[in-house]
Asks: 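Submitted below is the structure of interest, expressed as structure tokens.
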Amino acid sequence: TLLDPAPADASAAHIDRRRLDEVHACLRCGEVAHMAFIAELEEAGRRWLDLCHPCYAWLRAELDNAQRLSDGRQPLA
């Protein structure tokens, strides 16, 4: 997987340290990431998800539209 493994005991402090004290590339566009999340992947376990602000906004919109579709509503433009 492209995603770095995240510690099993990761806390808010782990996330802040990765976000503020380390430099990582955004998974989507390659720019400097300013946000860090932990994704629980069935096949790969806990992984870091590093995103820049524009790609985080894109992800939120995609997730919101997926939720709208699963609820039987129209996606937002």
Asks: Inspect the contact between Asp50 and Arg19 and indicate whether a charged nitrogen and a carboxylate oxygen are less than 4.0 angstrom apart.
Replies: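 Here Arg19 does not pair with Asp50 in a salt bridge, since their nearest N and O are not under 4.0 Å apart.
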Asks: Would you find more than 12 non-hydrogen atoms of other residues, nucleotides or ligands less than 6.0 Å from Glu62 atom CD?
Replies: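 More than 12 within 6.0 Å, yes.
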Asks: Assess whether atom CD of Glu43 is packed by more than 12 heavy atoms of other residues, nucleotides or ligands within 6.0 Å.
Replies: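 Atom CD in Glu43 is crowded, with more than 12 foreign heavy atoms closer than 6.0 Å.
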Asks: If I compare all heavy atoms of Leu3 with all of Leu27, which pair ends up nearest, and what's the gap?
Replies: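 Distance-wise, the nearest heavy atoms are CD2-CD2, 3.4 Å.
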Asks: Looking at side-chain heavy atoms only, is the closest gap between Cys52 and Cys29 below 4.5 Å?
Replies: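 They are in side-chain contact.
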Asks: Quick check against the 3.5 Å criterion: does Arg47 have a side-chain atom that pairs as donor or acceptor with the backbone of Asp4?
Replies: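 No, the answer is negative, given that no donor and acceptor are paired below the 3.5 Å cut-off.
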Asks: Grab the two heavy atoms, one from Arg46 and one from Ala10, that are nearest each other, plus how far apart they are.
Replies: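 Scanning both residues completely, I find the closest heavy atoms to be NH2-CB, 3.8 Å.
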Asks: After noting the C-alpha distance and the side-chain angles of Asp9 and His14, does the key distance pass the side-chain contact (heavy atoms from CB on, under 4.5 Å) rule?
Replies: CA-CA 9 Å; Asp9 63 345; His14 285 101; 4.3 Å; yes
Asks: Could you tell me if the side chain of Asp21 sits less than 4.5 Å from the side chain of Asp16, heavy atoms only?
Replies: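 They are not in side-chain contact.
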Asks: Check whether any side-chain heavy atom of Met35 lies under 4.5 Å from a side-chain heavy atom of Leu49, and answer yes or no.
Replies: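 They are not in side-chain contact.
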Asks: Tell me, please, which residues at least two apart from Glu22 pass side-chain hydrogen bond (donor to acceptor under 3.5 Å, both in side chains).
Replies: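 Scan of Glu22 (side-chain hydrogen bond (donor to acceptor under 3.5 Å, both in side chains), adjacent residues dropped) gives His24.
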Asks: Would you kindly confirm whether Leu41 and Leu59 end up in one hydrophobic cluster when ILVMFWY residues are joined by side chain heavy atoms under 4.5 Å apart?
Replies: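 Yes, Leu41 and Leu59 fall within the same hydrophobic cluster.
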Asks: Work out which heavy atom in Pro5 is nearest to a heavy atom in Trp48; give both atom names and the distance.
Replies: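 Nearest heavy atoms, Pro5 then Trp48: O-CD1, 3.2 Å.
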Asks: Test of understanding: with ring-ring contact (aromatic ring centres under 6.0 Å, His included), list the residues that count as partners of His34, not counting sequence neighbours.
Replies: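 Once residues adjacent in sequence are excluded, the partners of His34 under the ring-ring contact (aromatic ring centres under 6.0 Å, His included) criterion are His53.
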Asks: In the structure I gave you, are the side-chain heavy atoms of Phe37 and Tyr56 within less than 4.5 Å of one another anywhere?
Replies: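 Yes - at least one pair of side-chain heavy atoms lies under 4.5 Å apart.
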